[in-house]
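Data block below; observations after.
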Amino acid sequence: MAIKPSTLKGTRDFLPEQVIRRNYIFDIIRSVFERYGYRPIETPAMEKLDTLTGKYGEEGDRLIFKILNNGDFLSKVPGQILEEKASNKAVSMLSKRALRYDLTVPFARFVVQHRNDLQLPFKRYQIQPVWRADRPQKGRYQEFYQCDVDVVGSASLMYEAELIAIYAEVFEALKLPVTIRINNRKILAGIAEVAGIADRMIEMTVALDKLDKIGAEKVAREMTSKGIANDAAERVLQLIQLSSLEEMQAAMQDSATGVSGIRELQEALAFFGETLPANVSVDFTLARGLNYYTGFITEVTVDGPAMGSIGGGGRYDDLTGVFGMPGVSGVGISFGAERIYDAMEELGLFPASLELDARVIVLAMDADSHKHGFTIAQSLRKEGISTDIYPEPAKFKKQMKYADQRGIPFALIIGEEERNSGMFTLKDLKTGQQTKGSIEEVKEVLKRPSL
RNA sequence: GUGGAUGUAGCUCAGUUGGUUAGAGCGCUGGAUUGUGGUUCCAGAGGUCGCCGGUUCAAAUCCGGUCUUCCACCCCA
């Protein structure tokens with residue numbers, strides 16, 4: 001019985017053109033990372049379940065893919081738990097491993113494990129897939145690539161500036177118009193403190209995050225529905241309206257935390273002087289979910305296409321603490337490859353010059369020409385020219401059609417005539433123009449970049 | 001995790017109040033044209049109507065379940 005072929009929910013296959021375009025994105029990201037002195041690492045797809053749980057908040061934990069234990073896994077679960085259908089209790093007995101949910105937490109584990117081999121501050125980048133058991137939507141997948149750059153072992157605010165610069169540089173190279181918003185968790189804490197709701201900071205930030213989307217009135221309503229007093233909610237919304245760091249600083253003199261958040265942002269931005277990219281802006285409503293951020297936070301959205309953020313990050317003061325290495329501050333950002341891809345596709349930003357297939361295909365008229373064609377193909381390949389050859393001297397029309405449909409730019413035609421004269425026919429399949437020349441002349445044309 | 005839509009040929013979609021062999025366009029294969037593709041003309045192949053079950057003499061059509069995709073939440077890249 002045939003199994004109906006399909007990929008799993010929230011996952012997909014990539015056709016050759018798609019992989020080539022994705023690689024274009026990865027290559028640009030990688031080259032910028034390396035230009036800033038970051039070095040690559042990789043970690044396993046699986047981690048201990050304990051390594052991952054508790055780092056992303058309750059919501060995040062729910063979305064971690066768990067891997068069923070091997071062997072007779074049910075024998076270790078007490079009958080009572082099975083009878084009660086207590087899934088939560090059973091999970092830890094049924095699963096010891098999980099697929100990584102992001103790259104940051106495995107990186108924290110990596111740093112602690114290899115602490116003796118690493119020189120702090122340690123700058124690394126990592127481009128690998130992560131998995132989330134989220135309900136799929138457009139731009140939301142269960143398997144997707146993240147491109148993370150992080151530096152651990154330094155509290156220097158210069159790194160905040162460096163990472164902002166990396167964001168700006170990558171998106172400029174991709175020609176993707178974006179807005180890079182930055183904020184600091186300590187400012188949010190300060191706002192909560194000044195409004196007298198320090199204990200409700202999380203509810204406040206979750207509501208504030210929606211300000212653009214639902215408006216001030218609904219944000220206020222959401223805050224009060226979460227147990228925040230009316231006047232406190234009012235105060236929060238007033239503070240948020242402040243447009244400059246200076247005004248904010250004046251408004252939160254009473255909160256030492258808030259003031260230090262302001263100072264951190266100012267210090268980081270000072271590295272740019274007058275050269276701060278125009279698309280970077282401070283946004284006091286930016287909250288971000290992942291629990292481990294403690295200071296600087298940032299998020300990138302595309303200008304135009306409606307989709308979630310295409311990148312985000314921030315500073316985490318003590319991620320390595322839970323792995324037994326306290327007091328190591330880190331800061332990092334992430335690029336969401338699939339969403340960047342989707343946005344670039346929607347805006348038509350992939351360069352037409354991307355080499356999607358071989359540069360030339362050898363087409364032969366007869367069996368002898370086909371054999372000769374093989375050695376010709378080899379000599380082109382030796383010159384670094386991406387060359388294909390039709391597998392047999394089939395009906396010529398069929399060969400032409402194949403070349404055309406694959407979108408290969410040139411066809412090199414070999415028949416008796418060419419073999420005898422040593423002059424080969426090269427056809428530009430886009431223009432239909434056809435020229436004859438020696439093998440050297442052919443090579444020269446093929447090496448010339450096409451427009 | 002909550003609420004809502006969706007699924008018919010490779011693709012985009014028709015398909016009447018349930019009623020014989022389920023259609024179109026594009027694409028595909030072959031031919032017209034035995035050394036020239038993208039145009040034209042002709043012919044052909046391709047569907048257990050997402051899957052499982054129910055109602056009925058009869059189901060693509062009605063009902064239930066399930067899966068997929070999409071939308072709004074939640075959350076996030």
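Chain naming here is simple, since letters A, B, ... match the order of the sequence lines and numbering starts at 1 in each. Source: prediction; values computed, not measured.
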(request) Answer with base, sugar-phosphate or nothing: what part of the nucleic acid does A/Gly60 contact at a heavy-atom distance below 4.0 Å? (result) nothing
(request) Mark up nucleotides 30-35 of chain B, 5' to 3', with B wherever a protein heavy atom is under 4.0 angstrom from a base atom, S wherever such an atom reaches only the sugar-phosphate, and - elsewhere. (result) SSBB-B
(request) Specify the residue among A/Leu8 and A/Gly336 whose closest nucleotide of RNA chain B lies further upstream toward the 5′ end. (result) A/Leu8
(message) Between B/A9 and B/G25, how many Å separate the two C1' atoms, rounded to a whole number?
(response) 12 Å
(request) Enter the distance from A/Met423:CE to A/Thr435:OG1 here, rounded to the nearest 0.5 Å. (result) 9.5 Å
(message) Determine whether a donor-acceptor pair (N or O, by modelled atom type, separation under 3.5 Å) exists between the side chain of A/Gln142 and the backbone of A/Asp134.
(response) yes
(message) Would A/Arg124 and A/Phe107 count as a cation-pi pair here, with the cationic atom under 6.0 angstrom from the ring centre and within 45° of the axis?
(response) yes
(request) Find the partner of B/C26: check Watson-Crick (N1-N3 plus N6-O4 or O6-N4) and G-U wobble (N1-O2, O6-N3) distances, both under 3.5 Å, and reply none if neither fits. (result) B/G10
(message) Using the P atom as the point on both nucleotides, what is the distance between B/G44 and B/G23, in whole Å?
(response) 14 Å
(request) Pick the C1' atom in B/U40 and in B/U48, then give their distance to the nearest Å. (result) 38 Å
(message) Any base atoms under 4.0 Å from A/Gly313, or only sugar-phosphate, or nothing? Heavy atoms, all strands.
(response) nothing
(message) Counting only Watson-Crick pairs (N1-N3 plus N6-O4 or O6-N4) and G-U wobbles (N1-O2, O6-N3), all under 3.5 Å, who is the partner of B/U33?
(response) none
(request) Counting heavy atoms from C-beta on, name the nucleotide in B/U68, B/C71, B/G38 closest to the side chain of A/Lys9. (result) B/U68
(message) To the nearest 0.5 Å, what is the distance between OG on A/Ser379 and NZ on A/Lys443?
(response) 4.0 Å
(message) From CD of A/Gln142 over to C1' of B/G1, roughly how many Å is that when rounded to an integer?
(response) 13 Å
(request) Rounded to the nearest angstrom, tell me the gap between atom CE in A/Met400 and atom C1' in B/U39. (result) 14 Å
(message) With rounding to the closest Å, how many angstrom separate the P atoms on B/C76 and B/U66?
(response) 29 Å
(request) Could you state the atom-to-atom distance from CZ of A/Arg12 to P of B/U68 in whole Å? (result) 16 Å
(request) Identify whether any heavy atom of A/Leu429 sits under 4.0 Å from a base atom; if not, whether one sits that close to sugar-phosphate; answer base, sugar-phosphate or nothing. (result) base
(request) Pick base, sugar-phosphate or nothing for A/Val130, based on heavy-atom distances below 4.0 Å to the nucleic acid. (result) nothing
(message) Roughly how many Å apart are B/U61 and B/U6, using the P atom of each and rounding to a whole number?
(response) 14 Å
(request) Indicate, with a heavy-atom threshold strictly under 4.0 Å, whether A/Tyr141 touches base, sugar-phosphate, or nothing. (result) base
(request) Take atom P in B/A60 and the same atom in B/G7, then report the distance between them in whole Å. (result) 16 Å
(message) Roughly how many Å apart are B/G10 and B/G50, using the P atom of each and rounding to a whole number?
(response) 13 Å
(message) Whether the side chain of A/Arg185 engages the backbone of A/Tyr293 through a donor-acceptor N/O pair (distance < 3.5 Å, no angle test) should be reported.
(response) yes
(message) Looking at A/Arg339, I'd like to know whether one of its side-chain N or O atoms comes within less than 4.0 Å of OP1 or OP2 on B/C76.
(response) no
(request) Would you kindly check if the NZ (Lys) or CZ (Arg) of A/Arg132 is within the cone defined by 45 degrees around the ring axis of A/Tyr101 and under 6.0 Å from the six-membered ring centre? (result) yes
(request) Using Watson-Crick or G-U wobble geometry with both distances below 3.5 Å, tell me the partner of B/G18, or none. (result) none
(message) How many whole angstroms separate atom CG of A/Asp404 from atom C1' of B/G27?
(response) 14 Å
(request) Check the pair A/Lys398 / A/Glu392 against salt bridge (charged side-chain N to carboxylate O under 4.0 Å, His left out), numbers first and verdict last. (result) CA-CA 11 Å; A/Lys398 196 173 176 183; A/Glu392 59 217 336; 5.9 Å; no
(request) Give none if B/G1 has no partner; otherwise give the nucleotide forming a Watson-Crick or G-U wobble pair with it, both distances under 3.5 Å. (result) B/C73
(message) Does a side-chain N or O of A/Gln137 approach OP1 or OP2 of B/A72 to a distance below 4.0 Å, or not?
(response) yes
(message) Quiz question: by atom type and distance under 3.5 Å, do the side chains of A/Asn279 and A/Thr179 form a donor-acceptor pair?
(response) no
(request) Can you tell me, in whole Å, how much space there is between the P of B/G27 and that of B/C42? (result) 14 Å
(request) Calculate, to the nearest 0.5 Å, the distance between atoms NZ and CG belonging to A/Lys66 and A/Leu94 respectively. (result) 11.5 Å
(request) Could you tell me the separation between the CG atom of A/Leu63 and the C1' atom of B/C76, rounded to a whole number of Å? (result) 9 Å
(message) Rounded to whole Å, please give me the gap between CD1 in A/Ile361 and P in B/U36.
(response) 17 Å
(request) Looking at every strand, decide which applies to A/Gln146 at a 4.0 Å heavy-atom threshold: base, sugar-phosphate, or nothing. (result) sugar-phosphate
(message) How many whole angstroms separate atom CG of A/Asp357 from atom P of B/G37?
(response) 20 Å
(request) May I ask you to say what A/Gly57 touches in the nucleic acid, namely base, sugar-phosphate or nothing, with a heavy-atom cut-off under 4.0 Å? (result) nothing
(message) From CD1 of A/Ile340 over to P of B/C76, roughly how many Å is that when rounded to an integer?
(response) 18 Å
(message) Assess the residue pair A/Arg221 and A/Glu217 against the criterion (salt bridge (charged side-chain N to carboxylate O under 4.0 Å, His left out)); give the C-alpha distance rounded to whole Å, side-chain angles, the decisive distance to 0.1 Å, and a yes or no.
(response) CA-CA 6 Å; A/Arg221 212 178 306 154; A/Glu217 202 177 307; 3.4 Å; yes
(message) Let me spell it out: for each of A/Arg135 and A/Glu338, pick the nucleotide of RNA chain B with the closest heavy atom. Which residue's pick is nearer the 5' end?
(response) A/Arg135
(message) Does the structure show a Watson-Crick or G-U wobble partner for B/A45, both distances under 3.5 Å? Name it, or say none.
(response) none
